Amino acid sequence: MVRVRFAPSPTGNVHVGSLRTALYNYLFAKKQKGDFLLRLEDTDRTRLHEGAADNLLKALYDTGVIPDEGLVLDEDGNQAQKGDVGPYIQSERLELYQHYIKQLLDDGKAYYCFCTKERLDDLREHQKAVGETPRYDGHCRDLSQEEIQRRIDAGEPYVIRLKLPENKEITFSDTVRGDVTINTADLDDQVLIKADGFPTYHFAVVVDDHLMGITHVIRGEEWLPSTPKHVYLYECFGWDAPQYVHLPNILNADHKKLSKRQGDVAVGDFLDKGYLPEALVNFLALLGWSPEDEREIMTLSEMVDAFDITKVHRSGAVFDREKLDWMNGQYIKAMDDEALAERIAPYFDDENIDHDTLVQYASLIKERIACLSQAPDSVKEILNGDFDWPAEGEAYDILHADTVPILYNALYEKLTGESDWNAENIQGHIKAIQKEHKKEGVKGKALYMPIRLMLTGVMHGPDLALIMSVLGKDECLKRLRRFHDEIL
RNA sequence: GGCCCCUUGGUCAAGCGGUUAAGACAUCGCCCUUUCACGGCGAUAACGGGAGUUCGAUUCUCCCAGGGGUCACCA
(Lines give C-alpha, C1' and ligand atoms only; values in the text may rest on other atoms or scores of the structure.)
Protein backbone atom coordinates (compact mmCIF):
# COMPACT_ATOMS: atom_id res chain seq x y z
CA MET A 1 0.00 0.00 0.00
CA VAL A 2 1.43 3.29 -1.09
CA ARG A 3 1.66 5.96 1.57
CA VAL A 4 3.08 9.38 0.80
CA ARG A 5 3.17 12.59 2.70
CA PHE A 6 3.39 16.31 2.22
CA ALA A 7 5.36 17.70 5.14
CA PRO A 8 5.71 21.46 5.07
CA SER A 9 6.82 23.65 7.90
CA PRO A 10 4.28 26.23 9.02
CA THR A 11 6.32 29.30 8.32
CA GLY A 12 3.94 31.49 6.37
CA ASN A 13 2.09 31.41 3.11
CA VAL A 14 1.95 28.40 0.87
CA HIS A 15 4.24 28.75 -2.12
CA VAL A 16 2.95 27.47 -5.45
CA GLY A 17 6.01 25.25 -5.58
CA SER A 18 4.89 23.64 -2.35
CA LEU A 19 1.43 23.18 -3.78
CA ARG A 20 2.90 21.40 -6.73
CA THR A 21 4.87 19.11 -4.46
CA ALA A 22 1.71 18.37 -2.50
CA LEU A 23 -0.17 17.85 -5.76
CA TYR A 24 2.31 15.31 -7.12
CA ASN A 25 2.17 13.43 -3.85
CA TYR A 26 -1.60 13.47 -4.06
CA LEU A 27 -1.75 12.42 -7.71
CA PHE A 28 0.67 9.57 -7.11
CA ALA A 29 -1.18 8.37 -4.01
CA LYS A 30 -4.57 8.43 -5.69
CA LYS A 31 -3.27 6.81 -8.84
CA GLN A 32 -1.79 4.00 -6.74
CA LYS A 33 -4.89 3.77 -4.57
CA GLY A 34 -2.79 4.76 -1.60
CA ASP A 35 -2.94 7.38 1.09
CA PHE A 36 -1.80 10.95 1.11
CA LEU A 37 -0.88 12.32 4.53
CA LEU A 38 -0.21 15.79 5.79
CA ARG A 39 2.38 16.19 8.50
CA LEU A 40 3.49 19.44 10.07
CA GLU A 41 7.22 19.96 10.49
CA ASP A 42 7.31 22.62 13.14
CA THR A 43 10.63 21.87 14.77
CA ASP A 44 12.03 25.33 14.19
CA ARG A 45 10.44 27.30 16.96
CA THR A 46 11.98 30.53 15.73
CA ARG A 47 10.17 30.45 12.43
CA LEU A 48 6.72 29.46 13.59
CA HIS A 49 4.11 31.66 12.06
CA GLU A 50 0.72 32.38 13.51
CA GLY A 51 -2.03 30.89 11.38
CA ALA A 52 0.34 29.18 9.01
CA ALA A 53 -1.26 25.80 9.55
CA ASP A 54 -4.65 27.29 8.76
CA ASN A 55 -3.26 28.81 5.58
CA LEU A 56 -1.84 25.50 4.65
CA LEU A 57 -5.04 23.58 5.16
CA LYS A 58 -7.03 26.25 3.38
CA ALA A 59 -4.75 26.18 0.34
CA LEU A 60 -4.95 22.40 0.17
CA TYR A 61 -8.70 22.17 0.60
CA ASP A 62 -9.35 25.09 -1.75
CA THR A 63 -7.42 23.38 -4.48
CA GLY A 64 -8.77 19.91 -3.85
CA VAL A 65 -5.44 18.44 -2.79
CA ILE A 66 -6.99 16.95 0.30
CA PRO A 67 -5.12 14.71 2.75
CA ASP A 68 -6.51 11.31 3.71
CA GLU A 69 -4.65 11.21 6.97
CA GLY A 70 -2.67 13.36 9.35
CA LEU A 71 -3.54 16.98 9.78
CA VAL A 72 -6.97 17.51 8.27
CA LEU A 73 -10.06 19.64 8.52
CA ASP A 74 -13.02 18.04 10.27
CA GLU A 75 -16.68 18.36 9.25
CA ASP A 76 -16.86 21.69 10.99
CA GLY A 77 -13.83 22.98 9.21
CA ASN A 78 -11.62 22.81 12.25
CA GLN A 79 -8.10 21.50 12.40
CA ALA A 80 -7.94 17.88 13.45
CA GLN A 81 -5.59 14.94 13.38
CA LYS A 82 -6.76 11.77 11.77
CA GLY A 83 -5.00 8.42 11.67
CA ASP A 84 -3.41 5.72 13.80
CA VAL A 85 0.24 6.69 13.62
CA GLY A 86 0.06 10.22 14.95
CA PRO A 87 0.58 12.68 16.28
CA TYR A 88 1.18 14.29 12.92
CA ILE A 89 2.71 17.44 14.27
CA GLN A 90 6.38 17.06 15.04
CA SER A 91 6.41 19.23 18.11
CA GLU A 92 4.05 16.68 19.64
CA ARG A 93 6.42 13.83 18.96
CA LEU A 94 9.40 14.90 21.03
CA GLU A 95 9.50 11.76 23.24
CA LEU A 96 9.71 9.67 20.10
CA TYR A 97 12.80 11.48 18.89
CA GLN A 98 14.33 11.19 22.35
CA HIS A 99 13.81 7.47 22.26
CA TYR A 100 15.45 7.02 18.89
CA ILE A 101 18.33 9.39 19.49
CA LYS A 102 19.18 7.39 22.59
CA GLN A 103 19.41 4.29 20.47
CA LEU A 104 21.81 6.03 18.12
CA LEU A 105 23.89 7.30 21.01
CA ASP A 106 24.05 3.85 22.57
CA ASP A 107 25.13 2.36 19.27
CA GLY A 108 27.85 4.94 18.84
CA LYS A 109 26.18 6.30 15.71
CA ALA A 110 25.72 9.73 17.17
CA TYR A 111 27.60 11.89 19.64
CA TYR A 112 27.24 14.87 21.91
CA CYS A 113 28.73 18.11 20.69
CA PHE A 114 29.41 21.05 22.97
CA CYS A 115 30.84 23.40 20.39
CA THR A 116 29.55 26.92 20.76
CA LYS A 117 27.97 28.93 18.02
CA GLU A 118 31.00 31.23 18.13
CA ARG A 119 33.47 28.40 17.62
CA LEU A 120 31.46 27.07 14.72
CA ASP A 121 31.18 30.48 13.12
CA ASP A 122 34.90 31.07 13.46
CA LEU A 123 35.63 27.67 12.08
CA ARG A 124 33.39 28.23 9.09
CA GLU A 125 34.87 31.64 8.42
CA HIS A 126 38.37 30.34 8.61
CA GLN A 127 37.62 27.46 6.29
CA LYS A 128 36.07 29.79 3.79
CA ALA A 129 39.04 32.12 3.98
CA VAL A 130 41.40 29.27 3.26
CA GLY A 131 39.21 28.11 0.43
CA GLU A 132 37.98 24.97 2.09
CA THR A 133 34.46 23.65 2.11
CA PRO A 134 32.82 24.78 5.35
CA ARG A 135 32.40 21.68 7.45
CA TYR A 136 32.25 20.57 11.06
CA ASP A 137 35.73 19.51 12.09
CA GLY A 138 34.77 16.67 14.40
CA HIS A 139 35.96 18.52 17.45
CA CYS A 140 33.61 16.67 19.79
CA ARG A 141 33.61 13.37 17.96
CA ASP A 142 35.68 11.46 20.45
CA LEU A 143 35.01 12.97 23.83
CA SER A 144 35.30 10.54 26.72
CA GLN A 145 32.20 9.31 28.47
CA GLU A 146 33.39 11.04 31.64
CA GLU A 147 33.91 14.39 30.02
CA ILE A 148 30.54 14.24 28.35
CA GLN A 149 28.82 13.43 31.60
CA ARG A 150 30.74 16.12 33.43
CA ARG A 151 29.81 18.82 30.95
CA ILE A 152 26.19 17.77 30.78
CA ASP A 153 26.03 17.83 34.56
CA ALA A 154 27.63 21.25 34.50
CA GLY A 155 24.71 22.40 32.41
CA GLU A 156 26.65 23.09 29.25
CA PRO A 157 24.36 23.32 26.24
CA TYR A 158 24.90 20.63 23.63
CA VAL A 159 23.60 19.23 20.40
CA ILE A 160 23.71 15.66 19.16
CA ARG A 161 25.40 14.97 15.88
CA LEU A 162 25.28 12.08 13.49
CA LYS A 163 28.59 10.22 13.40
CA LEU A 164 29.02 9.72 9.70
CA PRO A 165 31.43 7.00 8.62
CA GLU A 166 34.48 8.44 6.91
CA ASN A 167 34.92 8.25 3.18
CA LYS A 168 31.99 5.98 2.50
CA GLU A 169 30.00 6.10 -0.72
CA ILE A 170 26.28 6.16 -0.20
CA THR A 171 24.06 5.35 -3.13
CA PHE A 172 20.34 5.62 -3.34
CA SER A 173 17.93 5.38 -6.20
CA ASP A 174 15.70 8.23 -7.19
CA THR A 175 12.70 7.66 -9.43
CA VAL A 176 13.36 10.65 -11.64
CA ARG A 177 17.16 10.82 -11.44
CA GLY A 178 18.24 7.24 -11.24
CA ASP A 179 21.10 6.22 -8.96
CA VAL A 180 22.78 9.01 -7.07
CA THR A 181 26.03 8.46 -5.23
CA ILE A 182 27.58 10.81 -2.71
CA ASN A 183 30.67 10.29 -0.57
CA THR A 184 30.38 10.96 3.16
CA ALA A 185 33.63 12.90 2.84
CA ASP A 186 31.51 15.64 1.28
CA LEU A 187 28.93 15.51 4.03
CA ASP A 188 28.79 17.06 7.47
CA ASP A 189 28.19 15.38 10.81
CA GLN A 190 24.65 16.64 10.76
CA VAL A 191 23.09 17.97 13.94
CA LEU A 192 20.24 15.62 14.79
CA ILE A 193 19.03 17.14 18.05
CA LYS A 194 19.33 20.87 18.59
CA ALA A 195 20.30 22.56 21.84
CA ASP A 196 16.65 23.21 22.57
CA GLY A 197 15.96 19.49 22.44
CA PHE A 198 14.06 19.65 19.17
CA PRO A 199 15.12 17.41 16.32
CA THR A 200 16.36 18.86 13.07
CA TYR A 201 14.55 18.12 9.85
CA HIS A 202 17.05 15.42 8.95
CA PHE A 203 16.38 13.37 12.03
CA ALA A 204 12.66 13.97 12.30
CA VAL A 205 11.85 13.07 8.69
CA VAL A 206 13.56 9.73 8.95
CA VAL A 207 11.95 8.76 12.24
CA ASP A 208 8.53 9.99 11.19
CA ASP A 209 8.54 8.63 7.67
CA HIS A 210 9.48 5.24 9.04
CA LEU A 211 6.99 5.27 11.89
CA MET A 212 4.24 6.48 9.59
CA GLY A 213 4.91 3.82 7.02
CA ILE A 214 5.80 6.21 4.24
CA THR A 215 6.70 4.28 1.09
CA HIS A 216 7.68 7.12 -1.23
CA VAL A 217 9.27 10.42 -0.37
CA ILE A 218 8.28 12.91 -3.04
CA ARG A 219 9.87 16.28 -2.32
CA GLY A 220 11.75 19.19 -3.86
CA GLU A 221 15.18 18.70 -5.35
CA GLU A 222 16.78 20.92 -2.73
CA TRP A 223 16.79 17.76 -0.59
CA LEU A 224 18.81 15.73 -3.00
CA PRO A 225 22.23 16.56 -1.49
CA SER A 226 21.19 15.64 2.04
CA THR A 227 19.40 12.44 1.13
CA PRO A 228 22.49 10.28 1.82
CA LYS A 229 22.34 11.36 5.46
CA HIS A 230 18.78 10.17 5.59
CA VAL A 231 19.64 6.92 3.88
CA TYR A 232 22.46 6.36 6.36
CA LEU A 233 20.10 6.92 9.25
CA TYR A 234 17.75 4.26 7.92
CA GLU A 235 20.75 2.00 7.76
CA CYS A 236 21.70 2.76 11.36
CA PHE A 237 18.24 1.82 12.52
CA GLY A 238 18.05 -1.20 10.30
CA TRP A 239 15.00 0.19 8.56
CA ASP A 240 14.13 0.07 4.88
CA ALA A 241 14.47 3.44 3.22
CA PRO A 242 11.56 4.71 1.16
CA GLN A 243 11.73 5.25 -2.58
CA TYR A 244 12.91 8.78 -3.27
CA VAL A 245 11.45 11.09 -5.87
CA HIS A 246 13.06 14.50 -6.12
CA LEU A 247 11.03 17.00 -8.06
CA PRO A 248 12.58 19.74 -10.22
CA ASN A 249 12.24 23.33 -9.09
CA ILE A 250 9.80 25.85 -10.41
CA LEU A 251 11.65 28.87 -11.77
CA ASN A 252 11.19 32.49 -12.63
CA ALA A 253 11.63 33.72 -16.18
CA ASP A 254 15.29 34.34 -15.33
CA HIS A 255 15.66 30.68 -14.35
CA LYS A 256 16.20 31.50 -10.72
CA LYS A 257 14.09 29.90 -8.06
CA LEU A 258 10.57 31.31 -8.15
CA SER A 259 10.55 34.22 -5.77
CA LYS A 260 8.27 36.88 -4.48
CA ARG A 261 10.31 39.62 -6.11
CA GLN A 262 8.95 38.74 -9.51
CA GLY A 263 5.25 38.47 -8.78
CA ASP A 264 2.95 36.40 -6.69
CA VAL A 265 4.15 33.08 -5.41
CA ALA A 266 1.64 32.32 -2.67
CA VAL A 267 -1.30 30.12 -3.50
CA GLY A 268 -3.59 32.51 -1.66
CA ASP A 269 -2.43 35.42 -3.82
CA PHE A 270 -3.39 33.60 -6.99
CA LEU A 271 -6.75 32.55 -5.62
CA ASP A 272 -7.48 36.06 -4.39
CA LYS A 273 -6.63 37.46 -7.78
CA GLY A 274 -9.25 35.28 -9.33
CA TYR A 275 -7.29 32.38 -10.65
CA LEU A 276 -9.60 29.42 -10.33
CA PRO A 277 -8.19 26.73 -8.07
CA GLU A 278 -8.84 24.10 -10.71
CA ALA A 279 -6.92 26.14 -13.28
CA LEU A 280 -4.00 26.75 -10.94
CA VAL A 281 -3.76 23.08 -10.07
CA ASN A 282 -4.05 22.11 -13.71
CA PHE A 283 -1.30 24.53 -14.65
CA LEU A 284 0.98 23.43 -11.83
CA ALA A 285 0.53 19.77 -12.70
CA LEU A 286 1.87 20.45 -16.16
CA LEU A 287 5.04 22.01 -14.79
CA GLY A 288 7.27 18.98 -14.77
CA TRP A 289 4.88 16.39 -16.05
CA SER A 290 2.60 15.82 -19.02
CA PRO A 291 0.11 13.10 -19.84
CA GLU A 292 0.74 10.65 -22.64
CA ASP A 293 -1.88 12.17 -24.84
CA GLU A 294 -2.02 15.83 -25.73
CA ARG A 295 -4.60 16.97 -23.25
CA GLU A 296 -3.83 20.11 -21.33
CA ILE A 297 -7.11 21.04 -19.74
CA MET A 298 -7.83 18.33 -17.20
CA THR A 299 -9.81 17.89 -14.03
CA LEU A 300 -8.07 16.66 -10.91
CA SER A 301 -9.48 13.17 -11.33
CA GLU A 302 -8.46 13.07 -14.97
CA MET A 303 -4.96 13.99 -13.85
CA VAL A 304 -5.02 11.20 -11.30
CA ASP A 305 -5.90 8.72 -14.03
CA ALA A 306 -3.19 9.95 -16.33
CA PHE A 307 -0.49 10.53 -13.75
CA ASP A 308 2.77 8.63 -14.07
CA ILE A 309 5.47 9.53 -11.59
CA THR A 310 8.16 8.00 -13.78
CA LYS A 311 7.36 10.57 -16.45
CA VAL A 312 8.26 13.50 -14.24
CA HIS A 313 10.77 15.82 -15.85
CA ARG A 314 14.30 16.17 -14.55
CA SER A 315 14.92 19.83 -15.22
CA GLY A 316 13.38 22.90 -13.66
CA ALA A 317 10.34 24.51 -15.26
CA VAL A 318 9.75 28.21 -15.73
CA PHE A 319 6.49 29.44 -14.29
CA ASP A 320 4.95 31.10 -17.34
CA ARG A 321 2.35 33.53 -16.11
CA GLU A 322 1.04 34.11 -19.63
CA LYS A 323 0.18 30.49 -20.02
CA LEU A 324 -1.47 30.47 -16.63
CA ASP A 325 -3.60 33.38 -17.82
CA TRP A 326 -4.53 31.50 -20.93
CA MET A 327 -5.43 28.41 -18.98
CA ASN A 328 -7.47 30.34 -16.46
CA GLY A 329 -9.26 32.01 -19.36
CA GLN A 330 -10.09 28.60 -20.75
CA TYR A 331 -11.72 27.64 -17.47
CA ILE A 332 -13.62 30.90 -17.31
CA LYS A 333 -14.92 30.53 -20.85
CA ALA A 334 -16.05 27.01 -20.10
CA MET A 335 -18.29 28.19 -17.25
CA ASP A 336 -21.90 29.08 -17.81
CA ASP A 337 -23.01 32.63 -17.04
CA GLU A 338 -24.69 31.66 -13.79
CA ALA A 339 -21.60 29.97 -12.43
CA LEU A 340 -19.36 32.78 -13.53
CA ALA A 341 -21.69 35.34 -11.97
CA GLU A 342 -21.25 33.60 -8.67
CA ARG A 343 -17.48 33.52 -8.95
CA ILE A 344 -17.14 37.19 -9.88
CA ALA A 345 -19.62 38.37 -7.27
CA PRO A 346 -17.00 38.80 -4.52
CA TYR A 347 -15.06 41.18 -6.71
CA PHE A 348 -18.05 43.50 -6.95
CA ASP A 349 -18.51 43.37 -3.23
CA ASP A 350 -18.66 47.07 -2.56
CA GLU A 351 -21.18 47.78 -5.26
CA ASN A 352 -24.18 45.77 -4.19
CA ILE A 353 -25.25 44.39 -7.52
CA ASP A 354 -28.18 42.04 -7.96
CA HIS A 355 -27.79 38.54 -9.29
CA ASP A 356 -29.42 39.12 -12.68
CA THR A 357 -27.12 42.02 -13.41
CA LEU A 358 -24.16 39.91 -12.42
CA VAL A 359 -25.24 37.24 -14.86
CA GLN A 360 -25.44 39.84 -17.59
CA TYR A 361 -21.99 41.09 -16.66
CA ALA A 362 -20.73 37.55 -16.83
CA SER A 363 -21.97 37.13 -20.38
CA LEU A 364 -20.42 40.44 -21.30
CA ILE A 365 -16.90 39.71 -20.07
CA LYS A 366 -16.66 35.94 -20.15
CA GLU A 367 -14.44 35.83 -23.20
CA ARG A 368 -12.41 38.86 -22.32
CA ILE A 369 -10.92 38.26 -18.91
CA ALA A 370 -8.01 36.09 -17.85
CA CYS A 371 -8.88 36.13 -14.18
CA LEU A 372 -11.85 36.96 -12.02
CA SER A 373 -10.42 40.08 -10.43
CA GLN A 374 -10.43 41.75 -13.83
CA ALA A 375 -14.21 41.55 -13.95
CA PRO A 376 -15.10 44.92 -12.38
CA ASP A 377 -12.62 46.84 -14.50
CA SER A 378 -13.63 44.97 -17.58
CA VAL A 379 -17.28 45.73 -16.98
CA LYS A 380 -16.46 49.32 -16.23
CA GLU A 381 -14.45 49.66 -19.38
CA ILE A 382 -17.37 48.40 -21.40
CA LEU A 383 -20.20 50.19 -19.63
CA ASN A 384 -18.53 53.34 -18.39
CA GLY A 385 -20.71 56.35 -19.16
CA ASP A 386 -18.25 58.98 -18.11
CA PHE A 387 -16.43 59.52 -21.37
CA ASP A 388 -15.80 62.16 -23.97
CA TRP A 389 -16.29 61.54 -27.65
CA PRO A 390 -13.08 61.54 -29.62
CA ALA A 391 -12.02 64.86 -31.11
CA GLU A 392 -9.97 63.42 -33.92
CA GLY A 393 -9.06 60.31 -35.81
CA GLU A 394 -11.15 57.60 -37.36
CA ALA A 395 -13.70 57.62 -34.56
CA TYR A 396 -14.22 61.34 -35.01
CA ASP A 397 -14.79 60.91 -38.72
CA ILE A 398 -17.32 58.18 -38.13
CA LEU A 399 -19.29 60.27 -35.68
CA HIS A 400 -19.32 63.24 -38.02
CA ALA A 401 -20.41 61.44 -41.13
CA ASP A 402 -23.42 62.89 -42.99
CA THR A 403 -25.52 59.87 -42.16
CA VAL A 404 -25.15 60.16 -38.40
CA PRO A 405 -28.06 62.61 -37.84
CA ILE A 406 -30.36 60.36 -39.83
CA LEU A 407 -29.22 57.41 -37.84
CA TYR A 408 -29.51 59.23 -34.56
CA ASN A 409 -33.09 60.30 -35.18
CA ALA A 410 -34.20 56.87 -36.27
CA LEU A 411 -32.47 55.20 -33.37
CA TYR A 412 -33.72 57.55 -30.72
CA GLU A 413 -37.26 57.22 -31.93
CA LYS A 414 -37.24 53.45 -32.10
CA LEU A 415 -35.57 52.97 -28.75
CA THR A 416 -37.91 55.38 -27.06
CA GLY A 417 -40.82 53.34 -28.24
CA GLU A 418 -39.46 50.02 -27.05
CA SER A 419 -41.14 48.69 -23.95
CA ASP A 420 -39.62 45.23 -23.85
CA TRP A 421 -35.93 46.01 -23.49
CA ASN A 422 -33.76 43.08 -24.43
CA ALA A 423 -30.91 42.33 -26.76
CA GLU A 424 -33.05 40.60 -29.31
CA ASN A 425 -35.50 43.45 -29.68
CA ILE A 426 -32.71 45.99 -29.77
CA GLN A 427 -31.04 44.04 -32.53
CA GLY A 428 -34.36 44.10 -34.33
CA HIS A 429 -34.47 47.87 -34.22
CA ILE A 430 -30.98 48.19 -35.58
CA LYS A 431 -31.84 45.84 -38.41
CA ALA A 432 -34.99 47.83 -39.09
CA ILE A 433 -33.01 51.05 -39.30
CA GLN A 434 -30.70 49.46 -41.81
CA LYS A 435 -33.64 48.36 -43.89
CA GLU A 436 -35.25 51.77 -43.87
CA HIS A 437 -32.15 53.86 -44.46
CA LYS A 438 -29.95 51.60 -46.49
CA LYS A 439 -30.18 53.77 -49.54
CA GLU A 440 -28.92 56.72 -47.56
CA GLY A 441 -25.81 54.77 -46.63
CA VAL A 442 -26.85 53.73 -43.13
CA LYS A 443 -25.75 50.14 -43.18
CA GLY A 444 -23.03 47.77 -42.07
CA LYS A 445 -20.12 49.42 -40.41
CA ALA A 446 -21.61 52.88 -41.02
CA LEU A 447 -24.58 51.72 -38.99
CA TYR A 448 -23.06 49.81 -36.10
CA MET A 449 -19.95 51.81 -35.49
CA PRO A 450 -21.65 55.18 -34.98
CA ILE A 451 -24.12 53.61 -32.57
CA ARG A 452 -21.29 51.96 -30.66
CA LEU A 453 -19.42 55.23 -30.53
CA MET A 454 -22.45 57.29 -29.53
CA LEU A 455 -23.17 54.92 -26.69
CA THR A 456 -19.72 53.94 -25.44
CA GLY A 457 -17.25 56.42 -26.88
CA VAL A 458 -14.95 53.69 -28.13
CA MET A 459 -14.74 51.55 -31.22
CA HIS A 460 -14.52 48.18 -29.63
CA GLY A 461 -16.34 46.02 -27.15
CA PRO A 462 -18.73 43.09 -26.93
CA ASP A 463 -21.85 42.65 -29.00
CA LEU A 464 -23.58 46.01 -29.33
CA ALA A 465 -27.13 44.85 -28.64
CA LEU A 466 -25.89 43.01 -25.60
CA ILE A 467 -24.20 46.11 -24.24
CA MET A 468 -27.35 48.15 -24.81
CA SER A 469 -29.43 45.54 -23.12
CA VAL A 470 -27.22 45.56 -20.06
CA LEU A 471 -27.04 49.36 -20.05
CA GLY A 472 -30.80 49.62 -19.91
CA LYS A 473 -33.18 51.81 -21.80
CA ASP A 474 -32.88 54.91 -19.65
CA GLU A 475 -29.13 54.92 -19.73
CA CYS A 476 -29.01 54.42 -23.49
CA LEU A 477 -31.40 57.25 -24.14
CA LYS A 478 -29.56 59.46 -21.72
CA ARG A 479 -26.29 58.86 -23.50
CA LEU A 480 -27.92 59.53 -26.85
CA ARG A 481 -29.29 62.85 -25.63
CA ARG A 482 -25.88 63.82 -24.30
CA PHE A 483 -24.43 62.94 -27.68
CA HIS A 484 -27.07 65.04 -29.34
CA ASP A 485 -26.37 68.01 -27.11
CA GLU A 486 -22.60 67.87 -27.20
CA ILE A 487 -21.77 66.62 -30.66
CA LEU A 488 -24.66 66.74 -33.05
C1' G B 1 35.08 26.99 -4.41
C1' G B 2 33.71 21.36 -3.12
C1' C B 3 29.80 18.02 -4.06
C1' C B 4 25.26 16.74 -6.56
C1' C B 5 21.65 17.47 -10.36
C1' C B 6 20.09 19.32 -15.09
C1' U B 7 20.51 20.73 -20.70
C1' U B 8 14.78 19.69 -27.43
C1' G B 9 12.08 26.47 -30.22
C1' G B 10 11.40 32.73 -25.95
C1' U B 11 8.28 29.31 -22.32
C1' C B 12 5.78 24.35 -21.02
C1' A B 13 6.88 20.00 -23.48
C1' A B 14 6.37 14.98 -27.01
C1' G B 15 10.40 11.90 -28.43
C1' C B 16 12.88 6.76 -25.64
C1' G B 17 18.80 4.46 -32.67
C1' G B 18 16.17 5.52 -38.58
C1' U B 19 10.43 11.02 -37.62
C1' U B 20 9.18 16.22 -42.82
C1' A B 21 11.77 16.57 -34.52
C1' A B 22 4.58 16.47 -32.14
C1' G B 23 1.36 19.68 -29.47
C1' A B 24 0.37 24.03 -26.20
C1' C B 25 1.53 29.32 -24.55
C1' A B 26 3.66 33.68 -26.55
C1' U B 27 4.78 36.28 -31.34
C1' C B 28 3.36 37.37 -36.53
C1' G B 29 -0.04 36.79 -40.68
C1' C B 30 -4.85 35.37 -42.82
C1' C B 31 -10.06 34.11 -42.01
C1' C B 32 -14.61 34.73 -39.16
C1' U B 33 -17.02 39.30 -37.17
C1' U B 34 -20.52 45.88 -37.37
C1' U B 35 -15.68 46.51 -33.60
C1' C B 36 -12.66 44.26 -29.79
C1' A B 37 -12.35 39.60 -27.76
C1' C B 38 -13.34 34.40 -28.70
C1' G B 39 -12.68 30.86 -32.43
C1' G B 40 -10.46 28.71 -37.06
C1' C B 41 -6.25 28.29 -40.38
C1' G B 42 -1.18 29.18 -41.24
C1' A B 43 3.89 31.05 -40.37
C1' U B 44 8.49 32.06 -37.65
C1' A B 45 11.22 29.24 -34.11
C1' A B 46 14.78 23.87 -30.98
C1' C B 47 18.02 18.88 -30.19
C1' G B 48 24.58 23.63 -25.88
C1' G B 49 29.72 22.03 -27.92
C1' G B 50 33.36 18.09 -28.86
C1' A B 51 34.84 13.14 -29.09
C1' G B 52 33.36 8.20 -29.40
C1' U B 53 29.76 3.45 -30.06
C1' U B 54 26.86 2.33 -34.48
C1' C B 55 25.34 1.30 -41.23
C1' G B 56 22.83 5.35 -38.69
C1' A B 57 22.56 9.47 -33.26
C1' U B 58 18.06 14.33 -30.37
C1' U B 59 17.98 9.35 -28.38
C1' C B 60 23.80 5.22 -25.71
C1' U B 61 29.06 6.49 -23.40
C1' C B 62 32.80 10.05 -22.11
C1' C B 63 34.75 15.03 -21.85
C1' C B 64 33.81 20.25 -21.88
C1' A B 65 30.65 24.41 -21.40
C1' G B 66 26.40 26.63 -19.41
C1' G B 67 22.47 26.62 -15.81
C1' G B 68 20.53 25.10 -11.11
C1' G B 69 20.70 23.04 -6.17
C1' U B 70 23.43 22.37 -1.77
C1' C B 71 27.31 22.99 1.74
C1' A B 72 22.96 26.01 9.33
C1' C B 73 21.53 24.06 16.11
C1' C B 74 16.12 26.51 8.49
C1' A B 75 13.12 23.46 6.46
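Keep in mind that this is a model prediction, so the values were computed, not measured. So that the names make sense, note that chain A is the first sequence line, chain B the second, and so on, each numbered from 1.
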Have a look at A:Lys443 and say if it touches a base, only the backbone sugar-phosphate, or nothing, with a 4.0 Å heavy-atom cut-off.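 Counting heavy atoms under 4.0 Å across all strands, no contact is made by A:Lys443.
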
Classify the nucleic acid contact of A:Arg161 as base, sugar-phosphate or nothing, counting any heavy atom under 4.0 Å across all strands shown.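 Sugar-phosphate, no base atom in range.
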
Would you say the side chain of A:Gln127 lies within less than 4.5 Å of the side chain of A:Thr133, judging by non-hydrogen atoms?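 Of all side-chain heavy-atom pairs linking A:Gln127 with A:Thr133, none is under 4.5 Å.
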
Quick one, give me the B/S/- string for nucleotides 25-46 of chain B, reading 5' to 3', where B means a protein heavy atom under 4.0 Å from the base and S means that only happens at the primed atoms, P, OP1 or OP2. BS-------BBBBSS-------

Return a single string for nucleotides 59-66 of chain B, one symbol per nucleotide in 5' to 3' order, where B is base contact, S is sugar-phosphate-only contact and - is none, cutoff 4.0 angstrom on heavy atoms. --------

Strictly below 4.0 Å: does [X] bring a side-chain N or O up to OP1 or OP2 of [N]?
X        : N      : value
A:His313 : B:rA14 : yes
A:Arg45  : B:rA75 : no
A:Lys117 : B:rC73 : no
A:Lys194 : B:rA75 : yes

Given atom [atom1] of [X] and atom [atom2] of [N], what is their separation to the nearest angstrom?
X        : N      : atom1 : atom2 : result
A:Ile182 : B:rG69 : CD1   : C1'   : 11 Å
A:Glu221 : B:rC3  : CD    : C1'   : 15 Å
A:Leu123 : B:rC73 : CG    : C1'   : 14 Å

Between B:rG23, B:rC6, B:rA75, which nucleotide has the shortest distance from any of its atoms to the side chain of A:Glu294?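 For the A:Glu294 side chain, the nearest candidate turns out to be B:rG23.
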
So, A:Trp223 versus A:Tyr244, ring centres under 6.0 angstrom or not?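 For A:Trp223 and A:Tyr244, the ring centres are not under 6.0 Å apart.
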
